[in-house]
2 protein chains.
Amino acid sequence: MTILIATSYKPVEWVEHFKTLFPDRNIVTLGEPFDRRSVHYAIVWNQPEGSLSGLPNLAAVFSVGAGIDHITRDSRLPDVPVIRVINPNLTVRMGEYVVLHCLRYLRAVDYFAQCQREKRWASKPGAPYSGDVRVGIMGYGVLGADAGAKLKMIGFNVAGWTRSRHEPVECVALFSGHDGLDAFLARTDILVCLLPLTEETRGILNLELFGKLAKDGVLGGPFLINCGRGHSQVEADIVTALDTGVLQGATLDVFETEPLPQDSPLWEHPKVTITPHVAAFSSREHISKSIAEGIRRIERGELPEGLVDMRRGY
Amino acid sequence: MTILIATSYKPVEWVEHFKTLFPDRNIVTLGEPFDRRSVHYAIVWNQPEGSLSGLPNLAAVFSVGAGIDHITRDSRLPDVPVIRVINPNLTVRMGEYVVLHCLRYLRAVDYFAQCQREKRWASKPGAPYSGDVRVGIMGYGVLGADAGAKLKMIGFNVAGWTRSRHEPVECVALFSGHDGLDAFLARTDILVCLLPLTEETRGILNLELFGKLAKDGVLGGPFLINCGRGHSQVEADIVTALDTGVLQGATLDVFETEPLPQDSPLWEHPKVTITPHVAAFSSREHISKSIAEGIRRIERGELPEGLVDMRRGY
């Protein structure tokens, strides 16, 4: 039984991890000759179009990340289960990122940095505390719910928005569907996007949506934090929203094109904070173990954690 | 019954709050004539030496902050109960500050800001996650325990140090006394100081102590966050420690002299983050209500929350 590594970035490093985890199996990469009939599992990130077709015994495709849009854009993807990483390490890291950047805005880190450069000892007038600030999390799955619970415990007023109705969550207001979106946005001072990329969410972070965010908040206007998917955002609209005061600031971990091109106006925009798609990176060691556990579950006849519902797209 | 406002900063604003809370009582400030025998309570911040003596019916002194060192340095302070503010709002704000600045160091905010200025798309090699980082909180009272629980929930490896032995705390290693200090420091990557100012803690944050912090941590060396009292730190030693690599960075909310003098080398030090004693500011409204509740408890014959043990000094 062969495991095929089909990642666009450093496939050889994945080979090393899976050789350790499955010493009795054959671990191959796309770039070398292998028996296509022997492949049972593919470990994938951003594979070349069609590279997973013609594998008659392929039982499952594992994403090395939390998203699968980089897999499903392949029009020749075979009809097999796709499994994404659900990994406590990844969840912890996303929580760190979301809490950090909400607190950065709450506690006016940029304002105090400017005061320090001017050697100026000055409180920020009317500085709110977390209970006065309404964070809205778009995408309330495993990552969203974890970040929401942590923000709530820090003190923020938290709501979530999901595509479909969820069970109620303790202490967090949940909005859902198209009908719930406007009410959710109208009570949101800091919008955190953790949506998966689907045809419904492509370009959802646009000027029209930003215009529906709360204008009456204690932070003086809304902020955006996108640590979901780059194609959920319209970057030209983010710049317009920042320049016209519709948004007060944006923290972006993901972009329409990655790496972010040198000529993007986002790099130098004074109201933009950029991180290079590192919000919830996980170590190869953690991800490999998580995928190995998924393979073992399948071979025991169980459902692996992170099995994607392909109709929903996540 | 008169309530005397003896704060060095904007006493008239406190008068307004207490007039609303106690409409039937006389609220006076130090600057006006009043019957000294009628004063039962004093609301105090940094009062002039001796200004609370000669008040024969004074029943209690209330600090408008969490600390009382600004009160007890008055050699003519009468022997009456001193009560400090223990206020959920203050606790929440301190938690925000501590979590924010621990996450700033964990998630290398300064590194990514520099990358953005250089338009450079670059992960930080070997970036750790919170479980790999050992935060040590000196002073594990109400504020320290709250911050510790929040850091733990974010994912950090947390320990506390207290002057005297405490009951064990769930999930947090507690060290205590002089004997426990070295072991506590040796396992600490980010040192958070929330100690009260007493004769034992004056100047405790010095070069000798910094030299005992963990050198083997995943952040590449230790960091200091002081949001306790300025006189706990030796600022010349902080600069030396930063310049010699004993410390990697310092976030300081309090200083030996406040406001921080213009000629302090801390302002321009690239490894120092300065905030102007705002870590756990609370609103006058919240503090006034908290003090009013303390007065009512005393008048019902109960102990007010925040009663200071004068032998310990906090």
Side-chain angles (χ1 to χ4, degrees), chain A residues 88-93 95-97 99-104 106-110 112-113 115-124 126-131 149-150 153-156 253 255 258-264 266-269 272-283 286, chain B residues 88-93 95-97 99-104 106-110 112-113 115-124 126-131 149-150 153-156 253 255 258-264 266-269 272-283 286:
Chain A
N89 189 265
L90 202 89
T91 308
V92 168
R93 279 193 152 119
E96 296 165 7
Y97 189 92
V99 171
L100 166 60
H101 290 287
C102 287
L103 284 173
R104 268 186 58 237
L106 173 70
R107 299 303 299 253
V109 165
D110 290 353
F112 287 114
C115 288
Q116 183 173 347
R117 283 190 290 273
E118 297 169 5
K119 297 192 182 182
R120 197 154 60 85
W121 181 271
S123 301
K124 189 157 170 46
Y129 95 113
S130 45
K150 287 172 178 171
M153 195 236 19
I154 294 292
F156 286 99
D253 186 53
F255 301 90
E258 294 181 10
L260 183 64
Q262 288 293 305
D263 61 359
S264 168
L266 295 172
W267 281 114
E268 291 187 318
H269 200 291
V272 173
T273 301
I274 288 173
T275 54
H277 205 143
V278 294
F281 65 97
S282 187
S283 70
H286 280 103
Chain B
N89 188 264
L90 202 91
T91 308
V92 169
R93 279 192 152 120
E96 295 164 8
Y97 189 93
V99 171
L100 166 60
H101 291 287
C102 288
L103 285 172
R104 269 186 57 238
L106 172 71
R107 298 303 298 252
V109 165
D110 289 354
F112 287 114
C115 288
Q116 183 173 348
R117 282 190 291 273
E118 297 169 5
K119 297 191 182 182
R120 197 154 58 86
W121 181 271
S123 300
K124 189 158 170 47
Y129 94 114
S130 45
K150 287 172 179 172
M153 195 235 19
I154 294 293
F156 287 99
D253 186 55
F255 300 89
E258 295 180 10
L260 184 63
Q262 287 293 307
D263 62 358
S264 168
L266 295 172
W267 282 114
E268 290 186 319
H269 201 292
V272 173
T273 301
I274 289 173
T275 53
H277 205 143
V278 294
F281 66 97
S282 187
S283 69
H286 279 102

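Heavy-atom basis, side chains included; hydrogens, waters and symmetry copies ignored. All chains are named by letter (A, B, ...) in the order of the sequence lines, taking the proteins before the strands, and each is independently numbered beginning at 1.
Your options are B:Thr275, B:Leu260, B:Leu266, and the one with the most heavy-atom pairs under 4.5 Å with chain A is B:Leu260. Of the listed residues (A:Ser264, A:Gly155, A:Ala127), the one with the most heavy-atom contacts under 4.5 Å to chain B is A:Ala127. In terms of non-hydrogen atom pairs under 4.5 Å with chain B, the most contact-rich of A:Phe281, A:Trp121, A:Tyr97 is A:Trp121. With respect to chain B, the highest number of heavy-atom pairs below 4.5 Å among A:Arg117, A:Met153, A:Arg104, A:His101 belongs to A:Met153.
Neither the backbone nor the side chain of B:Pro88 comes within contact range of chain A, judged by heavy atoms closer than 4.5 Å. With a 4.5 angstrom heavy-atom cutoff, A:Leu106 touches chain B only via side-chain atoms. With a threshold of 4.5 angstrom between heavy atoms, A:Ala122 approaches chain B through N, CA, C or O but not through any side-chain atom. Contact of A:Phe156 with chain B is not made at all, since no heavy-atom distance falls under 4.5 Å. Contact annotation for A:Cys115: only backbone heavy atoms (N, CA, C, O) come within less than 4.5 Å of a heavy atom of chain B. Neither the backbone nor the side chain of A:Pro261 comes within contact range of chain B, judged by heavy atoms closer than 4.5 Å.
Between A:Phe112 and B:Thr273 there is no side-chain heavy-atom pair separated by less than 4.5 Å.
A donor-acceptor pair is defined here as one N or O able to donate and one able to accept, closer than 3.5 Å; no such pair exists between the side chain of A:Asn89 and the backbone of A:His286. Within the 3.5 Å criterion, the main-chain N or O of B:Arg107 finds no donor-acceptor partner in the side chain of A:Glu96.
Closest of all the heavy-atom pairs between A:Val92 and A:Lys150 is CA-NZ, 4.0 Å. The two residues B:Gln262 and A:Lys119 come nearest to each other via the heavy atoms NE2-O, 2.7 Å.
Judged as a side-chain hydrogen bond (donor to acceptor under 3.5 Å, both in side chains), and not counting sequence neighbours, the contacts of B:Glu118 are B:Gln114, B:Arg120.
Distance CG/B:Leu90 to OH/A:Tyr129: 11.5 Å, rounded to 0.5 Å.
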